Amino acid sequence: MSLLRKKDVSVMMDQKSHSKLARHLSGFDLVLLGIGAIIGTGIFVLTGTGALYAGPALPVAFIISAIVCALAALCYAEFSSMIPVSGSVYTYTYATIGELVAWIIGWCLILEYGLASSAVATGWSGYFQSLLSGFGISLPTALTAAPGAVPGSETFFNLPAFLILMVITFLLSMGIKETKRVNNIMVLVKVAVVILFIVVGIWYVEPGNYAPFAPFGISGVLQASAIAFFAYLGFDAVTSAAEEVKDPGRNLPIGILGSLGIVTVLYVVVSAIMVGIVPFKQFEGVDSPVSLALKVAGQDWVAGFVDLGAIVGMTTVILVMTFGLVRLLFAMSRDGLLPKVFSDVNEKSHTPVKATWILGTTAGLIAGFVPLGTLAELINIGTLAAFSLISIAVIILRKTRPDLKRAFKVPLVPFLPILSVLACIMLMLNLQPFTWVAFFIWTGIGLAVYFLYGRTRSKLH
């Protein structure tokens, strides 16, 4: 039973009260943090891939993914308002199901946050090089992409992807107040660019491009939903900032649900305009589908702004996902499950500086050497597993600890959480077999680390 030992909620709250992390984030900051994490590679890069599966029904695929995320978001909102502690769903699972399951889900979140930072940095590199080419600047081919990323090209290392992660790591190490200011400015810029695309692009939609609406049937739409799900990743990273939030019981649910709602509206409208301007088959092999739609519409000047917006947008995603990764390992280290270096807080910046540089450099090297396509599906399956467990945890804690104060409650428990689990499983079943194999290998490595290191060093041991 020691594998299912639980961390008492009162102990978690006591740790929070003695935390050295600075509390500077408001509800508005959290909404922008969530939008900063969500709008990025998913909308600027992977929409083209999703269109090849769903056809003109791409907006429906985004709606399905949004519903799955919304069900999980309600569960996140309840937990974050009740246990406003760093660590996201890892922390919540530790309090409800037990240590081993919490470790597994924390390990899954490392997969989500760590690989998301690397994957988005890879997408950022493509747009950045496109922007440089507009000025007649090009990098040596060997430093433009990961090995094997471009068939027929002798690529060795994605230098721009590595460098942007180093810049982000430096910013995060400076402190949460500085990080917040930079993120808020960049988020407002990229939202403005998305709105510009909508305002300009809507006049060039050809109704004939919407037929046939779902050329590959419901299975194609569901496959596109499994891919589009990547576009919503990041709202859960808001909960990683729990110990740095003012009035978390009120502001965390606002940040989670507010950012998800705003982004869903933007995604559905943008994807509908894209497939209305460009016949969906033309998106094959295209890394910048939003720019392509504008070029087809003859609006090259707006396409330039979109490229700039994509670069800014993906920068904020890298920022927030790396932030989430650092705070997750901070929580796991504080519980004794990982080495103490990950929970050391710098007295000057009030951030885990050592952990930030270790994790940022690791993510940078992964971005430099691993292609984007391999990363995206691995991130999705880790996140869907996390969403499933937090939905189960809501039901368990309602039964075992009805006395806990909940500033926000999921309606219709247990029905909505059960629906959330089923929806996550549906999307997981639409991922490639390779993804499942890689996921089980990653989980096996995680179990080995737990039994060889974490189990005997846990603070609850």
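Position 1 is the first residue of the sequence; numbering continues from there. The structure presented is a predicted model; accordingly, all values stated were derived computationally and were not measured.
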Q: Output the distance between atom CZ (Phe28) and atom CG (Asn251), rounded to the nearest 0.5 Å.
A: 12.5 Å

Q: Just do the side chain to side chain donor-acceptor pair (under 3.5 Å) check on Thr322 and Ser117 with the steps written out, would you?
A: CA-CA 6 Å; Thr322 307; Ser117 297; 3.0 Å; yes

Q: Kindly determine whether Lys180 and Asp29 satisfy salt bridge (Lys or Arg N to Asp or Glu O under 4.0 Å), including the steps that lead there.
A: CA-CA 7 Å; Lys180 175 188 76 171; Asp29 294 326; 3.7 Å; yes

Q: Check for a donor-acceptor pair, side chain of Ser259 on one end and backbone N or O of Ile256 on the other, with a separation under 3.5 Å.
A: yes

Q: Using a cut-off of 6.0 Å, state whether more than 12 heavy atoms not belonging to Phe197 lie near its atom CZ.
A: yes

(Q) So does Gly454 get a backbone contact from the side chain of Ser458, meaning a donor-acceptor N/O pair under 3.5 Å? (A) no

Q. With side chains defined as the heavy atoms from C-beta onward, is the minimum distance between Ser225 and Leu427 less than 4.5 Å?
A. yes

Q.
Do Pro352 and Asp344 make a side-chain contact, defined as non-hydrogen atoms from C-beta onward lying under 4.5 Å apart?
A. no

Q) After noting the C-alpha distance and the side-chain angles of Asn183 and Val320, does the key distance pass the side chain to side chain contact (heavy atoms under 4.5 Å, CB included) rule? A) CA-CA 8 Å; Asn183 179 72; Val320 179; 3.8 Å; yes

Q: Take Leu447 and Leu100, measure what side chain to side chain contact (heavy atoms under 4.5 Å, CB included) needs, and give me the verdict at the end.
A: CA-CA 9 Å; Leu447 289 173; Leu100 178 60; 3.9 Å; yes

Q: Just say parallel, tilted or perpendicular for the rings of Trp103 and Trp107, cut-offs at 30° and 60°.
A: parallel

Q.
Using the rule given for ring-ring contact (aromatic ring centres under 6.0 Å, His included), can you reason through Phe62 versus Tyr267, listing the C-alpha separation, both sets of side-chain angles and the distance that settles it, and then say yes or no?
A. CA-CA 7 Å; Phe62 273 104; Tyr267 277 8; 5.4 Å; yes

Q) When rounded to the nearest 0.5 angstrom, what distance separates OG1 in Thr351 from CZ in Arg327? A) 6.5 Å

Q) Within the distance-only criterion (no hydrogens, no angle test), does the side chain of Asn209 pair as donor or acceptor with the backbone N or O of Gly276 below 3.5 angstrom? A) yes

**Q.** Residue pair Gln223, Ser219: steps toward the side chain to side chain donor-acceptor pair (under 3.5 Å) verdict
**A.** CA-CA 6 Å; Gln223 280 185 293; Ser219 63; 5.2 Å; no

Q) Any side-chain heavy atom of Leu172 within less than 4.5 Å of one from Leu319? A) yes

Q. Considering all heavy atoms of both residues, which atom of Ser65 and which atom of Tyr232 are nearest to each other, and what is their separation?
A. CB-CE1, 3.7 Å

(Q) Once rounded to the nearest 0.5 Å, what's the spacing between atom CE of Met274 and atom CG of Leu58? (A) 6.5 Å

Q. Which heavy-atom pair separates Ala228 from Ala61 by the least distance, and what is that distance?
A. CB-O, 4.4 Å

Q: Keeping the roles fixed (side chain from Asn346, backbone from Lys348), state whether a donor-acceptor pair exists under 3.5 Å.
A: yes

**Q.** Sub-4.5 Å side-chain heavy-atom contact between Thr93 and Ile390
**A.** no

Q. Does Ser271 reach the main-chain N or O of Val268 with its side chain, forming a donor-acceptor pair under 3.5 Å?
A. yes

Q | Stepwise ring-ring contact (aromatic ring centres under 6.0 Å, His included) test for Phe157 and Phe369 | A | CA-CA 6 Å; Phe157 186 72; Phe369 286 112; 4.8 Å; yes

Q. Any side-chain heavy atom of Leu294 sitting closer than 4.5 Å to one from Trp301?
A. no

Q: List the steps and the verdict of side chain to side chain contact (heavy atoms under 4.5 Å, CB included) for Tyr450 and Glu99.
A: CA-CA 10 Å; Tyr450 174 73; Glu99 185 174 276; 2.6 Å; yes

Q: List the steps, then state whether side chain to side chain contact (heavy atoms under 4.5 Å, CB included) holds for Leu196 with Val302.
A: CA-CA 8 Å; Leu196 176 65; Val302 185; 3.9 Å; yes

Q. Roughly how far, to the nearest 0.5 Å, is the OG1 atom of Thr179 from the CD1 atom of Ile168?
A. 8.5 Å

(Q) Please check this pair: side chain of Thr155 against backbone of Thr144, looking for a donor-acceptor N/O pair closer than 3.5 Å. (A) no

Q.
Using a 3.5 Å distance criterion without hydrogens, assess whether the side chain of Thr356 forms a donor-acceptor pair with backbone atoms of Ser173.
A. no

Q. CD1/Ile358 to CG/Leu325 distance, rounded to the nearest 0.5 angstrom?
A. 11.0 Å

Q.
Quick check with a 6.0 Å cut-off and a 45 degree axis cone: is Arg457 positioned over the face of Tyr453's six-membered ring?
A. yes

Q) Quick one: does Gln299's side chain have a donor or acceptor within less than 3.5 Å of a partner on Gly201's backbone? A) no

Q: Might you point out which heavy atoms bring Leu30 and Gly255 nearest each other, and give the distance in Å?
A: CB-CA, 3.7 Å

Q: Please say whether more than 12 non-hydrogen atoms of neighbouring residues, nucleotides or ligands are located less than 6.0 Å from CZ in Phe170.
A: no

Q: Apply side chain to side chain donor-acceptor pair (under 3.5 Å) to the pair Lys190 and Thr316, showing each step before the final yes or no.
A: CA-CA 9 Å; Lys190 73 176 176 181; Thr316 64; 2.6 Å; yes

Q. Val269 versus Ile202: any side-chain heavy-atom pair under 4.5 Å?
A. no

Q. Nearest heavy-atom pair of Lys246 and Ser26: which atoms, and what distance?
A. CE-N, 4.2 Å

Q | Minimum-distance pair of heavy atoms, taken over all atoms of Gly36 and Val187 | A | CA-CG2, 3.4 Å

Q: Might you confirm whether atom CG of Leu132 has over 12 heavy atoms from other residues, nucleotides or ligands at distances under 6.0 Å?
A: yes

Q: Mind telling me whether Trp436 and Phe439 have parallel, tilted or perpendicular rings, with 30° and 60° as the class edges?
A: perpendicular

Q: Please indicate whether Tyr210 has more than 12 foreign heavy atoms, meaning atoms of other residues, nucleotides or ligands, lying under 6.0 Å from its OH.
A: yes

(Q) Using every non-hydrogen atom in the two residues, find where Ile318 and Ala121 come nearest and quote the distance to one decimal. (A) CD1-CA, 3.7 Å

Q: Measure from the side-chain N and O atoms of Trp124 to the backbone N and O of Ile311, and report whether any donor-acceptor pair falls under 3.5 Å.
A: yes

Q: Using a 4.5 Å cut-off on heavy atoms from C-beta on, say whether the side chain of Tyr90 contacts that of Met332.
A: yes

Q. Can you find a heavy atom in the side chain of Val278 that is under 4.5 Å from one in the side chain of Lys295?
A. no

Q | Inter-residue atom distance Asp335.CG - Phe330.CZ, 0.5 Å rounding | A | 9.5 Å

